[in-house]
Amino acid sequence: MGEDTESSKVNHSFLRDYVTEADVISTVEFNHTGDLLATGDKGGRVVVFQRETVVGHKPKGELDQVGETGESGEYNVYSTFQSHEPDFDYLKSLEIEEKINKIRWLPQQNAAHFLLSTNDKTIKLWKVSERDKQPEGYNLKDEEGRVKDISTVTSLQVPVLRPTDLMVEVRPRRVFSNGHTYHVNSISVNSDGETYLSADDLRINMWHLGITDRSFNIVDIKPANMEELTEVITAAEFHPHHCHLFVYSSSKGSLRLCDMRASALCDRHTKLFEEPEDPGSRSFFSEIVSSVSDVKFSHNGRYLLTRDYLTAKVWDLHMEKGPVETYQVHDYLRTKLCSLYENDCIFDKFECVWNSSDSVIMTGAYNSFFRMFDRETGRGVTLEAWRETSKPRAVLRTRRIYTGGKRRRGDVGVDSLDFTKKILHMAWHPEENIIAIASTNNLYIFQDRVSPDTQDPDLGSNTI
Amino acid sequence: MYSKGTKRKFYDSVDAATDNKAALYSRQRQSLLDMSLIKLQLCHMLVEPNMCRSVLIANTVRHIQEEMTHDGSWQLVTEAFGSSGPSDHLVATEVLCRSSALEQQGGGPKLYSVMGYDGCREEEVVTDEALCSVTFSGGAPSLLGTIDHCWDRAELRMAAVEDRVIKDSGSEVESGEGAKTVMGQVFGTFEIKNGAPGSDPALEELFSAVDASYYDLDTMLTSIQSTPKMGPYNLLDSMASSHGPTSNSSCRTDLSELDHIMEIIVGS
């Protein structure tokens with residue numbers, strides 16, 4: 001910046017890291033039709049992608065005739081905007097990061113699209129709308145908007161709307177601030193279309209989308225004496241169909257289903273989902289690895305999917321005593337917990353998602369790997385989101401971690417896993433087999449393509 | 001141990017193996033405790049720390065302390081120091097400065113593998129040495145600068161108890177209480193640090209000398225008047241990169257300074 005003579009001696013690598021740090025994707029979310037895909041990053045920006053409409057695109061259910069139309073539409077950048085800026089909490093003398101923690105779309109009600117985005121403290125409602133016409137022919141202003149000299153106006157004309165290039169406008173419509181003392185980790189739009197919840201480490205608030213100066217506190221687990229704090233809220237979500245039900249997960253591995261009809265403050269749960277700890281496998285890290293990092297209702301509203309450090313679990317809402325299915329995501333890490341504790345990887349928060357029919361669940365892992373589990377067969381597959389190995393339109397091949405026995409070519413050893421390449425954020429298209437995977441700065445979109453020759457779907461990739 | 005000429009019996013070697021195992025476990029647990037306490041200290045940066053992570057680490061510390069109290073090794077530590085003031089002081093007493101008693105018991109090399117409870121083999125990490133070598137020869141004020149700004153709340157309190165000599169030995173340890181106070185220190189920072197004046201005399205006393213300069217990383221680091229490589233950040237680096245510390249000074253000579261650190265953490 002002025003010290004050019006010294007620049008050769010200065011190590012610029014930290015600058016490079018700084019620049020890309022802001023591009024790290026921190027959340028991914030499809031809208032309700034799947035035509036739009038929003039990503040938020042650490043720099044507070046939101047990028048919205050839109051799916052190209054392909055002529056002759058066949059709807060789901062007619063995949064066996066896909067031979068003619070071939071590909072589904074690709075996702076291209078639709079709009080980019082700065083959602084949150086870095087802020088400063090003067091009371092605590094601490095910075096407030098602009099990182100976007102979560103994005104949630106509202107169900108579409110008119111031509112415009114609305115989404116909620118949140119950082120640690122403030123939630124914002126954004127309106128994304130298109131404009132493809134523009135009024136022209138004003139009498140008092142010229143085409144650039146400058147006021148005309150009155151003496152040059154000799155006749156009156158009627159302004160008309162003329163088609164222009166498509167413009168996407170994004171405007172903040174609501175700012176929901178000062179609702180949270182602690183860091184917001186989740187937002188969830190209610191099925192009633194009018195309210196949404198926001199959860200921080202100790203409290204959950206319910207807001208009305210139209211009212212920004214008030215929110216209702218519906219859960220408060222803050223102890224009177226902070227010294228007694230042993231548990232925090234890690235995620236929360238509304239039920240997809242019942243507007244009075246929501247669930248929240250805790251750092252102790254429990255899930256609480258709450259019914260807002262029971263009382264205004266839902267500190268007492270309606271149902272508590274907890275798996276009893278296996279006393280034989282208890283270690284100093286048991287509690288940490290049991291902390292739930294994400295919770296998602298199934299689309300049909302009957303199941304819950306949770307992710308803790310080593311497993312993904314499916315719970316039946318009618319059975320509180322334990323999960324109905326448990327999937328080992330990366331059990332080979334169980335013996336490495338001490339190092340993972342030391343380098344803080346044990347605190348990584350992985351997300352998990354359902355597919356559209358609730359038959360497959362997906363979650364991320366390390367080394368740019370992510371896992372999909374077929375609930376019917378119970379089998380899991382490991383896939384990789386890595387630019388070097390996947391070219392556009394290439395078919396994803398499954399990967400294996402070598403943990404003993406016969407080693408095949410392409411197997412990756414546990415000790416050569418790259419723990420800096422973590423797949424934390426992902427989304428699954430609400431209707432089709434299209435997945436979006438965020439891997440640090442990159443967004444990968446994989447689409448299911450049923451080849452005409454076989455019945456087995458394979459995944460083609462589209463790297464953005 | 002054996003009279004000359006006595007043949008060692010089989011069961012003796014088994015006993016020795018069991019003792020080694022117990023000592024090993026004890027060292028592993030110790031290093032985990034040390035690591036956890038350092039993590040709690042270092043988690044306060046310019047941005048508010050991740051509360052979930054802090055809570056999980058604090059719970060781990062509590063768990064270790066409970067176990068250590070349960071099997072009596074907590075008592076052992078405090079007796080070795082010949083000090084046990086209020087229980088909350090004891091929480092931190094053996095934290096940064098490895099008990100020489102334990103070391104003598106263990107008798108092993110200073111470098112050892114950090115293993116998980118379930119016996120995984122990981123890279124060697126020097127924690128006890130590094131921690132014992134945290135010297136703050138500049139005296140109490142400079143040592144305070146090395147601890148992250150959030151702990152500086154206890155600065156005044158520490159000064160107040162600095163001269164208090166801990167003579168009482170062998171008193172019962174209430175690890176629960178001790179753990180609670182440590183947790184209070186951790187989670188108290190999530191509350192508003194500078195309370196309204198007059199709201200609470202104890203808080204006022206703590207905050208009246210709060211100096212904003214401790215937010216400045218430079219201030220923090222330059223206030224380490226002894227070997228620069230032993231600041232808290234360097235400590236973590238040295239742990240992560242498995243470097244042995246250069247200073248091999250005995251823990252005992254730095255005990256009093258380390259006690260000061262304990263007081264800060266515990267806020268007795």
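Given the structure is predicted, the values throughout are model-derived calculations rather than measurements. Within every chain, numbering begins at 1; the chains are lettered A, B, ... in the order of the sequence lines, protein sequences first and strands thereafter.
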(request) State, yes or no, whether a side-chain contact exists between F284(A) and S36(B) at a heavy-atom distance under 4.5 Å. (result) no

(message) Is any side-chain heavy atom of E287(A) closer than 4.5 Å to one of H63(B)?
(response) no

(message) side-chain contact (heavy atoms from CB on, under 4.5 Å), that's the test. Do K349(A) and R53(B) meet it? Break it down for me.
(response) CA-CA 10 Å; K349(A) 296 195 185 313; R53(B) 176 178 172 274; over 6 Å; no

Please report the interatomic distance [atom1]([X]) to [atom2]([Y]), rounded to the nearest 0.5 Å.
| X | Y | atom1 | atom2 | answer |
| --- | --- | --- | --- | --- |
| T60(B) | F285(A) | OG1 | CZ | 7.5 Å |
| E231(A) | N59(B) | CD | CG | 9.0 Å |
| I57(B) | Y341(A) | CD1 | OH | 4.5 Å |

(request) Check the surroundings of atom CG in N178(A): do more than 12 heavy atoms from other residues, nucleotides or ligands lie under 6.0 Å from it? (result) no

Taking all atoms of both residues into account, what is the closest heavy-atom pair of [X] and [Y], and its distance?
| X | Y | value |
| --- | --- | --- |
| C52(B) | D201(A) | N-OD1, 4.5 Å |
| L56(B) | S251(A) | CD2-O, 3.8 Å |
| M51(B) | V232(A) | SD-CG1, 3.9 Å |

(request) Please state whether the side chain, the backbone, both or neither of L202(A) comes within less than 4.5 Å of a heavy atom of chain B. (result) side chain

(request) Please state whether the side chain, the backbone, both or neither of D344(A) comes within less than 4.5 Å of a heavy atom of chain B. (result) both

(request) Answer yes or no on whether K39(B) is positioned over the face of F347(A), meaning its NZ or CZ is under 6.0 Å from the six-membered ring centre and within 45° of the axis. (result) no

